[in-house]
Structures are given as structure tokens and as C-alpha cells.
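For reference, the structure discussed in these notes is given below.
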Amino acid sequence: MRRRLLILAITLTAAVLTALIAPLVTAYAEERAVTLHEQRLAAATRFAALVDDSASGAPALLGPDLARYDAVTGSTRSAVIGPDGSTLAFGAEAPVGSDPRYDDAVQRALTGTPTTAPSALWPWRTDPLIVATPIGRDAQILGAVVMVVDTAGPRGDVATRLAVAVAGGIALLALVAFLVGVPLVAWVVRPVDQLTERVQALASGRRPGAAEHAGPPELRRLATSFDEMARAVEYSRSQQRDLIADVSHQLANPLTAMRLRLDGLAADDPAVEPVLAEADRMARALEGVIEVSRAGGHDRRRVPVDVAEQIRERIALWEPLFDGRLRVTGIETEAPAVLEEDLVPTIVDTLLDNAAKYAPDSPVEITLDRTGTGDTRRYVVTVRDHGGPTDTGLSSTGPTDTDLTDTEAAELGERFHRLPRHAEVDGTGLGLSILVLRVRDAGGSVVIEAAHPGLRCVTTLPARPGPGTNAANPDAAVPAR
């Protein structure tokens, strides 16, 4: 938009300058044509008067005068033409009558009509100027004086003026574009750029900054309307998060009390154990709901971390459970980033916990890749299992493995979503959804796809925080752990 507006402004300015310069140059070219024609016509009229006042045969005596005149002007060939069209006298060089314009001027002069001035002398027209005037006494035409004038000199003057005008116009156009066009376009576009940034911030879950009151009134009103909408959206989201958090906390207290009572009852009655397990499951679900309610919040605290080191620490804890089935690559060298301190451990724990529950005895591959440089640096954590049999408690006629279809994989990550064949596997259906929300809050992305067999989860994390966060400099030293 900025470029198009600038081009439009420059085009309009160029059109205005052209409208101003073109008449000036045209007037100068016309003035030079009229002046040159009048000068030569005056000289031709004087020679015609000399012939008219002379005796018979005298035109031939004007040859030296014509030659001197041609030599003085340096650009004229003059001749005296008789009534029959023959050349009676000429200067240093006789005019060539092969030009139709020359013949037409001679014939008009012999009928008593002198030539008129051309419209203008332009640099690209190289034809000479032909001036002819009749010689007559009373109503009798005795001949004509013809001058063929080379217009190279005047045309050169017009070309110089034209070049100066064009160069001056270009310089003025550049000056106007730099001093007026660029600031004007920036003034018009600045609210649009700011609005774009704030829309992107709102879409990514960050709090948009305040708008500057600059730019055209229409765009200022648009920015004000967006501020009101953003405040309303943020208020609604805040109310929703607070409501979910409050309800979850209010439910947590009686649930804790109920669990304590169930613990006491379970010691005397084993039949209470399933109820106690359901109470534990409800407690985990409430914790997940509280975590989901924080999605899109602005209270995320980011600190310098080493992604590779955090993955190594979590692998060391999970390795005994997988009994050598973890294959890890890319964590040998450090990977500094600015993230929530528990984000990478949460990613690894969630994905390895899913692999342990839904793909037991399956090898699991964990890869840490690095892409981009500087502000575009990204870390890609890929966790892939290979499926396998699961003790789901289903009969032998039901599904006996965890290989996912593409449709099933596309539904993972939704809140409380669980596959029907995993109904007996312990879980709340919030693990992947919490993972997706937290990574999105960090400015990253999560792709969950079927690996045929098994599941692949590709998590992309930024090395640097996005604008508007309170994170520290990602190039700062990672604290010792």
C-alpha cells in the first residue's frame, strides 16, 4: 500500500509539473519560430523592394548583396525568382527546388501571398524554414524573393531549454517526493501499519498496544473502533478465564474433602477404590481445566532456558520406563531460547506419557532440529512413536493397536477429546490441548499427524519472544542448572 500510494503521489505531481512545463517550452518554441520567420521575412521584403525600385535586369545585380547576407547569417540561402519561376539571382549557393514545400512557397509568392510563420521549432524536426515574399509594383507581380533557412541553431536553443526544463522538473519532482510525498504517505499509512500489528497481536493472543492518534481522521476513527473492540474482546476473554478458574477452584475444595473421606472409607471397604480413582481423575481434570483457562493470558513469565539441556533432563527421568526404547538426536549441543521455564519439560512429559500409555513397547524417536538465524531462529521438537498393542481391556474382537488414521489424528488436540478405543486408558483428554495452547501462547505451533504406524507430534518453538512480552534477552547466558 505504501508503494502504491507513493507511486500515485509521484504520478500526480509529475502530471502537474508536466502541465506547467509543457506550455512554457511550447511558448518558447513558437516564439523562436515566429522571431526567425519575421527576421528573414523582413530581409526578403527589403530585397524585394530593392528589385522593385531597380531598372530592368537589375535583379541579377543583387547577387553580391544576397551572398553577403547569406554569409552574415550563416544559415540562409537566398534567391530572386522571376515571374516564370526561373532563378534570376542567388547568394553564395542557389536554393534547391526539389522540396515540395519550396515549390509551394514560390508559387504562393508569385500569386502575391507571402509565407506565414510555422507553429513551433522542435528539436526533432530537421526540415528548413522557407520564407518567400512577392516582388510587385502596383498590382503587377514581378517575381519573388525566397530564403531557405537552416533551423539547427534555434532548434538547439529549444532543445537546451527543453532539457533544462525536464531536468529541473525531475529534480523538483524528486525534491517534492522526498520532502512531501514520502512523509505524506507515511502519515497516511502509519495508522494502517499499526492497526495491522495490533490485529496480529490480538489474533496471537497478545495484548495489542495503544494506537497513536495520527493519520487521516477516517483511519483514526477506525483505530479507535478497533481499540474499543479489542478491549471488549480482552474483557470477555478475561471474564471467561476468571469464570473457569473460579469454578475450578470452588470445585477443588469439596473434591479434596470428598477424597479425604474416601481415603478413610477405602481402608475399610475395598469397593470404594474405584470411586477414589474417579475422584483422582476428576482432580486431574480440574487441574487441566485451570491450565486451559490460562490460555491467551498475559501472565506468562519467560526466562532464558537451554532447550537441549531440558530435554536431556526429562529423558533421563523417562528412560527407565522405556527400557532403552528412546532414540534421541540433536540434543548434544546447546539450544538457548527464552521460554516459560516449564514449557519444554511439559512438552516432553506430555508426549512421552501419551507414548507410554497408547504405544507401549514401541520405540520412540525424539529429535531436536534448529532452523533460521537471529530473530527467525526456531527449534523443532519432533516426537514420534510407532504404535503397538495396548492393554485396553477390550475383547479380542476389538482394536488391538494404536495405529491412527489421518482423520483421528486431525481430531487430537481438541479439549476432552479421546478416541473410543482408548476409553479404558487413564486420561482426561486435556493433555494435548493444553500443550497446543501453551505452545501457541509462546509463539510456536504444534502439528499432530498420523505416522503410519504410530503418531508424530512436531512442536516448533521460537528462540526469541514475540513483541509485548516481559521476557529477558535470549542471548543472555542460560543460568546454571
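This is a predicted model, so every value here is computed, not measured.
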Over all heavy atoms of both residues, which pair between [X] and [Y] is shortest? Give the atoms and the distance, please.
X: Pro462; Y: Arg378; result: CA-CD, 3.7 Å
X: Arg312; Y: Glu332; result: NH1-O, 4.0 Å
X: Leu343; Y: Ala442; result: CD2-CB, 3.7 Å
X: Pro154; Y: Leu121; result: CB-CD1, 3.6 Å
X: Leu66; Y: Ala79; result: CD1-CA, 4.3 Å
X: Pro336; Y: Tyr379; result: O-OH, 2.7 Å

Do [X] and [Y] have side chains that approach each other closer than 4.5 Å (heavy atoms only, starting at C-beta)?
X: Val446; Y: Cys457; value: yes
X: Leu339; Y: Val307; value: yes
X: Ile141; Y: Thr111; value: no
X: Thr35; Y: Glu31; value: yes
X: Arg32; Y: Val158; value: yes
X: Thr460; Y: Thr371; value: no
X: Thr333; Y: Arg370; value: yes
X: Trp122; Y: Thr151; value: no

So how far is it from [X] [atom1] to [Y] [atom2], rounded to the nearest 0.5 Å?
X: Leu36; Y: Ser75; atom1: CG; atom2: OG; result: 7.0 Å
X: Thr329; Y: Asp369; atom1: OG1; atom2: CG; result: 7.0 Å
X: Leu351; Y: Leu455; atom1: CG; atom2: CG; result: 8.0 Å
X: Thr346; Y: Leu435; atom1: OG1; atom2: CG; result: 8.5 Å
X: Arg456; Y: Glu449; atom1: CZ; atom2: CD; result: 5.0 Å
X: Leu172; Y: Thr13; atom1: CG; atom2: OG1; result: 9.0 Å

Inset, instruction - Using the side-chain contact (heavy atoms from CB on, under 4.5 Å) rule, take Ile315 and Leu352 through it: C-alpha gap first, then chi angles, then the decisive distance, then the call. - result: CA-CA 9 Å; Ile315 294 300; Leu352 290 184; 4.1 Å; yes
Inset, instruction - Go through the steps for Asp349 and Arg314 under the test salt bridge (charged side-chain N to carboxylate O under 4.0 Å, His left out), then give the verdict. - result: CA-CA 7 Å; Asp349 290 347; Arg314 305 316 297 175; 2.9 Å; yes
Inset, instruction - Apply the test side-chain contact (heavy atoms from CB on, under 4.5 Å) to residues Asp150 and Leu129: give CA-CA distance (whole Å), side-chain angles for both, the deciding distance (0.1 Å), then the verdict. - result: CA-CA 6 Å; Asp150 184 6; Leu129 173 65; over 6 Å; no
Inset, instruction - Indicate whether any N or O donor in one side chain lies under 3.5 Å from an N or O acceptor in the other, for His37 and Thr116. - result: no
Legend entry - Distance-only donor-acceptor check, side chains Thr76 and Arg40, under 3.5 Å: yes
Can you tell me if [X] uses its side chain to pair, donor with acceptor, with the backbone of [Y] under 3.5 Å?
X: Asp306; Y: Ala335; answer: yes
X: Thr113; Y: Ala109; answer: no
X: Thr115; Y: Ala132; answer: yes
X: Thr350; Y: Ile347; answer: no
X: Gln310; Y: Glu341; answer: yes
X: Thr376; Y: Gly372; answer: no

Inset, instruction - Just jot down the side chain to side chain donor-acceptor pair (under 3.5 Å) partners of Glu38, sequence neighbours excluded, or say none. - result: none
Legend entry - Residues in side chain to side chain donor-acceptor pair (under 3.5 Å) contact with Gln39, at least two apart in sequence or another chain: none
Inset, instruction - Taking atom CZ of Arg101 as the centre, report whether more than 12 heavy atoms of other residues, nucleotides or ligands fall under 6.0 Å from it. - result: yes
Legend entry - Tyr69, OH: over 12 other non-hydrogen atoms inside 6.0 angstrom: yes
Inset, instruction - Go through Glu340 and Arg302 one step at a time and tell me if the salt bridge (charged side-chain N to carboxylate O under 4.0 Å, His left out) criterion holds. - result: CA-CA 4 Å; Glu340 290 182 82; Arg302 294 166 174 82; 5.6 Å; no
Inset, instruction - Report the C-alpha distance between Asp157 and Tyr28 in whole Å, list the side-chain angles of each, state the deciding distance to 0.1 Å, and finish with yes or no for side-chain contact (heavy atoms from CB on, under 4.5 Å). - result: CA-CA 9 Å; Asp157 294 340; Tyr28 180 75; 3.7 Å; yes
Legend entry - Candidate pair Val166 and Ile21, rule side-chain contact (heavy atoms from CB on, under 4.5 Å), full reasoning: CA-CA 8 Å; Val166 171; Ile21 293 174; 5.8 Å; no
Legend entry - Chi angles and distances behind the salt bridge (charged side-chain N to carboxylate O under 4.0 Å, His left out) call for Asp342, Arg438: CA-CA 10 Å; Asp342 66 334; Arg438 291 197 60 182; 2.8 Å; yes
